[in-house]
> 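Once you've had a glance at the structure underneath, I'll fire off some questions.
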Amino acid sequence: MAEPIITSEKPSTTPLLDPPSRIVCHVCQKQFSQYTCPRCNSRYCSLHCYKSHNLRCTESFMRENVEGELGQLGPDDETKQKMLDILKRFHSEEEADGMVDDQAGSTLSEETIQKVLSGGQVSFDDLSAEEKKLFQKAVASGELSKMIKPWDPWWLKPSARTIAFSKEGTQLIKPLANEEESMSTEDDLESNQASEIPPGPDTPLPPVSKLSSTRPSPTLAVHLVDIIYSYCFTLRLYNGDWLSDATGSAMVLLSVSSVLGQGGQPETILEALSYCLEQTCSPAFRQMGGLQFGLGLTDDVITLLTLGTPALLCLLCDLQRMVQAGERELKSEKPRKSRRAEIRSKLKLAERKNYFIMCWVHEQPGEAWSSLAAIVKAEKGSALNYEAAASRPGKVDKKAEPRSKVLIQEIK
């Protein structure tokens with residue numbers, strides 16, 4: 001008989017925003033680090049240290065994300081014209097404000113315009129200094145984001161409520177294999193991403209007792225919450241298409257997850273959510289929406305737990321594929337040898353941890369997830385209540401404060 005999940009509704013006595021280990025900031029070497037850069041995995045303590053730790057790293061992160069999303073857009077005439085209109089409109093605004101020198105001529109070179117209209121690929125490095133300036137301004141204003149179709153998370157689709165698995169953990173309904181030609185690993189991954197729900201395990205899942213001689217920790221339920229949150233964060237950051245940058249997606253996952261990325265062992269739901277929310281509000285990710293975005297991700301966690309074991313297995317399988325694709329992509333790149341070995345080691349460890357959690361989830365009784373979802377919902381409610389009270393200076397009722405005095409602050 002599967003062991004019941006042991007959870008606790010008592011708030012953690014551990015300080016909310018303390019990381020599982022105390023590591024000194026890699027930049028200033030004075031303060032304890034609180035955050036991890038999703039690009040180079042360096043630890044830092046503040047916005048100032050984030051901006052100064054690696055100029056190429058900070059400048060390229062958002063640019064690569066935007067370029068990746070724009071690269072998915074079909075080169076139809078309407079899309080090309082929209083892009084040109086946006087850049088021309090910004091040029092007109094700058095001329096009206098006196099920001100563009102009269103001798104500078106047209107901001108968009110004839111060469112760039114012709115390349116776009118002919119369907120050619122234009123990279124950021126192909127742009128002139130003035131064109132780069134306008135492009136970055138369009139990104140900052142949100143104009144370009146209007147051209148990207150919003151992604152609908154698979155766990156919010158009606159089909160997510162009808163996933164079925166066998167007793168061994170494999171899907172009961174699978175797509176027919178193409179007998180004429182076998183699909184490559186990359187084609188297979190693209191097919192999986194195009195489908196509405198990510199596929200579950202291909203082979204039966206072994207019992208946890210076959211993977212470890214010791215009894216599973218009662219805090220695995222807490223670790224699962226950390227992993228679900230980090231997965232949802234990564235997919236929403238990449239608009240559902242983690243395959244466009246598998247290594248980057250895997251590194252973002254590890255930077256948000258204390259369990260997979262930092263070897264953390266959170267003991268309560270409150271501690272797990274606190275670490276995830278802290279990373280969400282960090283300088284590297286605050287453009288996503290900060291605390292409000294993080295609380296929305298908490299709703300995603302609740303939804304997935306409510307869907308039960310089948311949806312959780314699909315999530316963990318998709319996460320496994322993401323990490324494995326990151327490893328393969330890393331092999332084809334040529335970063336520094338020592339750096340590549342370190343990242344691959346982290347990805348391998350995350351892969352093993354995730355697989356163990358997957359096998360453990362498969363063994364748990366279905367009713368356990370509704371109880372866990374209720375605890376996550378209660379912790380989110382406590383955070384919202386305290387945030388509302390803290391936003392009214394001089395009117396904070398000390399009796400209304402959570403017993404653990406939780407406070408998530410966004411870094412300005």
Side-chain angles (χ1 to χ4, degrees), residues 16-20 23 25-27 33-69 136 139-142 144-145 148 150-151 153 225-242 244-262 264 272-301 319 322 326 343 346 350 380 383 387 407-412:
L16 179 66
L17 300 182
D18 281 354
I23 300 175
C25 174
H26 292 177
V27 183
S33 64
Q34 300 185 65
Y35 314 107
T36 304
C37 175
R39 299 296 297 174
C40 66
N41 215 34
S42 293
R43 300 298 297 269
Y44 63 94
C45 66
S46 64
L47 177 60
H48 175 74
C49 286
Y50 173 72
K51 288 182 175 180
S52 60
H53 86 283
N54 188 325
L55 188 61
R56 289 180 60 190
C57 187
T58 53
E59 287 183 347
S60 65
F61 180 65
M62 274 306 296
R63 190 186 78 190
E64 289 180 5
N65 283 343
V66 172
E67 287 179 344
E69 292 293 349
Q136 290 170 334
V139 171
S141 70
L144 296 184
S145 63
I148 301 173
W151 173 66
V225 170
D226 168 283
I227 292 172
I228 297 173
Y229 182 104
S230 304
Y231 170 85
C232 294
F233 179 99
T234 305
L235 259 66
R236 286 194 179 274
L237 178 65
Y238 282 88
N239 209 36
D241 184 22
W242 57 258
S244 63
D245 182 10
T247 302
S249 299
M251 294 308 295
V252 166
L253 178 80
L254 266 56
S255 68
V256 176
S257 172
S258 165
V259 173
L260 297 179
Q262 307 300 326
L273 288 177
S274 296
Y275 183 90
C276 291
L277 288 169
E278 184 180 9
Q279 300 310 306
T280 304
C281 297
S282 69
F285 299 123
R286 66 177 183 176
Q287 81 282 352
M288 293 296 293
L291 181 57
Q292 290 305 314
F293 175 65
L295 293 174
L297 289 169
T298 306
D299 288 331
D300 288 334
V301 175
L319 189 153
M322 181 196 304
I343 296 175
K346 284 197 170 189
K380 180 198 171 187
E387 182 196 15
L407 178 59
I408 306 287
Q409 291 182 330
E410 294 186 57
I411 307 235
K412 302 295 184 186

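Positions are given from 1 along the sequence. Because the structure is predicted, anything quoted here is derived from the model rather than measured.
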> Kindly indicate, with the supporting measurements, whether the criterion side-chain contact (heavy atoms from CB on, under 4.5 Å) is fulfilled by Tyr229 and Thr280.
CA-CA 10 Å; Tyr229 182 104; Thr280 304; 2.6 Å; yes
> Ignoring hydrogens and angles, tell me if any N or O in the side chain of Asp226 forms a donor-acceptor pair with the backbone of Ser258 under 3.5 Å.
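Judged by distance alone, yes, a pair lies under 3.5 Å.
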> Going by side chain to side chain contact (heavy atoms under 4.5 Å, CB included), Ser249 matches just one of Leu237, Leu319, Thr234. Which one?
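Answer after filtering Leu237, Leu319, Thr234: Thr234.
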> If every non-hydrogen atom of Leu254 is compared with every non-hydrogen atom of Ala350, which pair is closest and at what distance?
CD1-CB, 4.0 Å
> Mark yes or no for whether Thr36, through its side chain, and Arg43, through its backbone, hold a donor-acceptor pair below 3.5 Å.
no
> Of the non-hydrogen atoms in Cys281 and Gly290, which two are nearest, and what is the gap between them?
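The pair with the smallest heavy-atom distance is SG-C, 3.8 Å.
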> Verify side-chain contact (heavy atoms from CB on, under 4.5 Å) between Asp300 and Phe233, making sure each step is shown before the conclusion.
CA-CA 9 Å; Asp300 288 334; Phe233 179 99; over 6 Å; no
> Apply side-chain contact (heavy atoms from CB on, under 4.5 Å) to residues Lys380 and Leu273 and explain how you reach the verdict.
CA-CA 9 Å; Lys380 180 198 171 187; Leu273 288 177; 5.7 Å; no
> About how many Å separate CD1 of Ile227 and CG of Leu260, when rounded to the nearest 0.5 Å?
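Rounded to the nearest 0.5 Å, the CG-CD1 separation comes out at 4.5 Å.
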> Got a second to check how far Asp241's CG is from Trp151's CH2, nearest 0.5 Å?
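So the gap between those two atoms works out to 10.0 Å.
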> Show your reasoning for whether ring-ring contact (aromatic ring centres under 6.0 Å, His included) applies to Phe293 and Phe285.
CA-CA 10 Å; Phe293 175 65; Phe285 299 123; 9.4 Å; no
> Do you know which two heavy atoms are closest between Cys25 and Cys45, and how far apart they sit?
SG-N, 3.6 Å
> So Ser282 and Tyr44, side-chain contact (heavy atoms from CB on, under 4.5 Å) or not? Walk me through it.
CA-CA 10 Å; Ser282 69; Tyr44 63 94; 3.9 Å; yes
> Heavy atoms, side chains only, cut-off 4.5 Å: are Leu295 and Leu291 in contact?
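The answer is yes; the side chains approach within 4.5 Å.
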> Taking Ser33 for its side chain and Ile23 for its backbone only, find out whether a donor-acceptor pair lies under 3.5 Å.
yes
> Measure the CG-CD1 distance between Leu297 and Ile228 for me, rounded to the nearest 0.5 Å.
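Reported value, rounded in 0.5 Å steps: 12.0 Å.
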